[in-house]
Amino acid sequence: MGTQLKDVIIKPDAPSTLLLDKHADYIAAYGSKKDDYEYTLSEYLRMSGIYWGLTVMDLMDQLPRMNQQEITDFIKACQHECGGISASIGHDPHLLYTLSAVQILCLYESLDAIDVDKVVEYVKGLQQEDGSFAGDKWGEIDTRFSFCAVATLALLGKMDMINVDKAVEFVLSCMNFDGGFGCRPGSESHAGQIYCCTGFLSLTGQLHQLNADLLGWWLCERQLPSGGLNGRPEKLPDVCYSWWVLASLKIIGRIHWIDKAKLRMFILACQDEETGGFADRPGDMVDPFHTLFGVAGLSLLGDERVKAVNPVLCMPEDVLQRIGLQPDLLS
Amino acid sequence: MAESDEEVDVLVQRVVKDITNALKRNPNIDEIGVIPCPEARYNRSPIVLAENKLGIESWCVKFLLPYVHNKLLLYRQRKHWVDRQALVDITCTLLLLNPDFTTAWNIRKELLQNGVLNPEKDLYLGKLALTKFPKSPETWIHRRWVLQQILHTFSDANHKKNEQGEREQANAVRSQQLSDHLARTLHQEMNVCSDAASRYPSNYNAWSHRVWVLQHMAKGNIKVFHDELSSMRLWVSMHVSDHSGFHYRQFLLNELITELCRASASTTWLAQQQSSTVSNSSLHQHSCTERNGELSGADTASEEERQFSLPTVLQLFLQEMELCSDLIQSFPGHETLWSHRRHIFFLWHQWRTEHQHNCHSKGENVPVDVSDGNPGMLVQSSVGQGESVNCKTHASEPMEVDTGLLPDPHDSKRLKRGVLPSCPPSLPSEHSFVSIILESCCNYEQRRFALAYKKWLGTVIGLQG
């Protein structure tokens, strides 16, 4: 009796070298050729989309090809009275897009385009009594938002403006028996949430609170025979999960626990040789999101053709050195 | 085919109206979808209603979506006035097509706060959107916000009642209505979660919402948790790859065990639920309610109830391990099942360690022998022949009060006979389970997972002692 293994088979003719020029062209052209309908569908996350595109361009040393002035003007127009930043003009502010905007402005060394003090006030105002963070004024709680809050403040050098001890207490209350984390206390472990929580603990200097061996065990079990990583048991491998799992392993000092060469093969197979860009799995449609996490993953795996990426903030290391931020990693 | 701006304008307004009217005329619509149809036909409306299904022909979506999207954003920037009813209609159309458009949900939150919309309407819209987009994070987030509003209404009403004194009959009736309403809402949420879970495997957002709902609407309500555990049994057996569904079971077990142990340690787990959570009485009219009546005003549970919960906990673990073994053997090679086994064994190991410790520290007798080395002794001691290991009252009394709580009649019969379904888990029994699998099964994946489990037992559990 055969079990259907949830994995992909990488074809022999799948791409096996990094097509950097193609990817740079793909990102540079993205956005200009979009018709109304496609643009509309994803406008609610535009600010993060710009962060993905710019970061991958910077990792490939192609940032000057993007229109800096237009982008900083856009971000400026997205800051609201409350200090928070929205995904696009006319949308409501949210922590997710506030972090993306701050990350973009760090890439461009132009934080002065926005009112930084108001951003800090906004983030501070979203912390709850139990230490958790709401994503916006409507109050949804998620460990993702805890990460967004401390990442934003760390980039602005204002971590001391919130109650860090309480924030840590809440994130730790979401830790599960397998060493992983979910979105709220009692929720299932999920690689995306684990990335947020390990990143959070790194930025707050609390990595010692993790059970690194147990968590590392769970993370390693995400690797499938194809070499790709999934985000939870019995899910398909995906380039973005490759990033979240790999970055978490890097943060807890266990990256050598997986088969790096096989993962590299999987990521490379997710490239589209014609259009450029990476897809979630070999043969699927490419997008900027998976293109960033594909290239960033290859960087963590030691590819010397791209810049070194920081596993906590998913930004080029040279940018973080410039602003003097060096998040903790376990060794 | 609409081409000019004016034509698009007329077309879109008509379609938005058609959607609104369809929903108004037929309150039983239970699913939405886009009908593949590249060209407009016969000048007919692109909105199709058949057997409670609402379909939108695909050709119109590319006109419809950008139009309602831009209109709403112009309104948000105060560049364009839209009246309240139009806002309700536009956000409805928009969210059925693109439910992760956060700002549109936020506009509906404001309409709700202003009394233009009622919470039930929004829960219904979200339910429809989830039939096409079962993962949509923003739809689940909005649901939680709406449920919070309902809970606030409920707790405000309770608060008023307490202020005015309880003798007023009208208040009592009103309170019962609210309580029933909350129970219905809880039931409906469970159905929405089940539907979304069936539409997308390992649907993280659906299952974590379900956890949230229980945490906020049924906290500490053992009956609700028991019913959930019981109704999930068949579901997980038919979805052996659904890691999220099994995690939900783990969550239920953990909560139940925590509650039962707390009850056993001290007080009134049967007492009626307070504040803003669904009460036992509003959900169930049988045994629990009766016991609520008996216990009202009592600060501590009777000796019988104190004793009762420990074998129940043991029984829960045994049944779960048995289910897990059955599924692993019937459906070889599923990582989810082995992961579930780890979790249950971990919970059991932890509970046993803590329980032993608590009993010792209070100077009580340990009611069951839970030593690793001798599983056979446990079978004897836990139910039925308790006296040999000092758990006199466990022996038969629990079965009398058990019927309302144990979901599976088959198992309660077994309990009455004093027969346990199988040996309680222990390190040796787990190792022997792995050996049986390795000896009898040649499925590669099954063997891989069995070996990983063995390693996990040795490392994670073994090191804890």
Q: In sequence, state the C-alpha distance, the side-chain angles, and the governing distance for B/L65 and A/Y37, and then conclude on side chain to side chain contact (heavy atoms under 4.5 Å, CB included).
A: CA-CA 7 Å; B/L65 189 65; A/Y37 179 65; 3.6 Å; yes
Q | From CA spacing to verdict: side chain to side chain contact (heavy atoms under 4.5 Å, CB included), A/I89, B/Q77 | A | CA-CA 8 Å; A/I89 294 163; B/Q77 294 168 75; 3.4 Å; yes
Q: Using the side chain to side chain contact (heavy atoms under 4.5 Å, CB included) rule, take A/H190 and B/H243 through it: C-alpha gap first, then chi angles, then the decisive distance, then the call.
A: CA-CA 11 Å; A/H190 180 292; B/H243 193 261; over 6 Å; no
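Counting heavy-atom pairs under 4.5 Å between each of A/G139, A/G231, A/S187 and chain B puts A/S187 at the top. Of the listed residues A/K137, A/E221, A/H94, the one with more heavy-atom pairs under 4.5 angstrom with chain B than any other is A/E221. When B/H343, B/R78, B/Q250, B/H142 are compared by the number of non-hydrogen pairs under 4.5 Å with chain A, B/H343 comes out ahead.
Summarising the geometry of A/D92 relative to B/N106, their closest heavy-atom pair is OD2-ND2, 2.9 Å, with the distance given to 0.1 Å. Considering all non-hydrogen atoms of both residues, A/E234 and B/S241 come closest at OE1-OG, 2.8 Å. When all heavy atoms of B/V211 and A/G186 are compared, the closest pair comes out as CG1-O, 4.2 Å. Between A/G90 and B/R76, the closest heavy-atom pair is O-CG, 3.0 Å.
Here the CH2 atom belonging to A/W217 is positioned 5.5 Å from the NZ atom belonging to B/K455, to the nearest 0.5 angstrom. Rounding to the nearest 0.5 Å places NE2 of B/H209 at 9.0 Å from CZ of A/R184. A distance of 8.5 Å separates CH2 of B/W212 from CD of A/E140, quoted to the nearest 0.5 Å. Between the CD1 atom in B/I141 and the CG atom in A/D142 there is a gap of 7.0 Å [rounded to 0.5 Å]. Atom CG of B/N70 is separated from atom CD of A/E43 by 7.5 Å, given to the nearest 0.5 angstrom. Remark: B/L64 CG to A/T40 OG1 distance equals 11.0 Å, nearest 0.5 Å.
Counting heavy-atom neighbours within 6.0 Å of B/K109 NZ, excluding the residue itself, gives a total above 12. Heavy-atom neighbours of B/Q113 CD from other residues, nucleotides or ligands within 6.0 Å: above the threshold of 12. By the neighbour-count criterion of 12 heavy atoms within 6.0 Å, atom NZ of A/K118 is densely surrounded, having more than that number from other residues, nucleotides or ligands. By the 6.0 Å contact criterion, CD1 on A/I9 is open, its count of non-hydrogen atoms from other residues, nucleotides or ligands being 12 or less.
Counting only distance, with no hydrogens or angles, the side chain of B/Q215 and the backbone of A/P185 share a donor-acceptor pair below 3.5 Å. In this structure, the side chain of A/R232 engages the main chain of B/S202 through a donor-acceptor pair within 3.5 Å. Under a 3.5 Å cut-off, the side chain of A/H91 and the backbone N or O of B/L73 do not form any donor-acceptor pair. Checking side-chain atoms of B/Y204 against main-chain N and O of A/C183 turns up a donor-acceptor pair under 3.5 Å.
Contact annotation for residues 191-198 of chain A against chain B (heavy-atom separation below 4.5 Å, listed by residue number): A/Q193.
Only the side chain of A/L214 has a heavy atom closer than 4.5 Å to any heavy atom of chain B. Proximity to chain B is absent for every atom of A/N176, based on heavy atoms less than 4.5 angstrom apart. For a residue to count as touching a neighbouring chain, one of its non-hydrogen atoms must lie under 4.5 Å from one of that chain's; by this rule B/A452 touches chain A with backbone and side chain alike. B/V68 does not touch chain A: none of its heavy atoms, backbone or side chain, sits under 4.5 Å away.
A heavy-atom distance below 4.5 Å is not found between the side chains of A/E188 and B/F251.
Aromatic ring pairs are classed by plane angle as parallel below 30°, tilted from 30° to 60° and perpendicular above 60°; the pair A/F177 and B/F346 is tilted. Taking the six-membered ring where the residue is Trp, A/W138 and B/W145 present perpendicular rings, their angle passing 60° and hence far from 30°.
Under the side chain to side chain donor-acceptor pair (under 3.5 Å) criterion, B/S136 pairs with B/D100, B/T139, sequence neighbours left out.
A/K235 and B/E335 are not joined by a salt bridge, as no carboxylate oxygen comes within less than 4.0 angstrom of a charged side-chain nitrogen.
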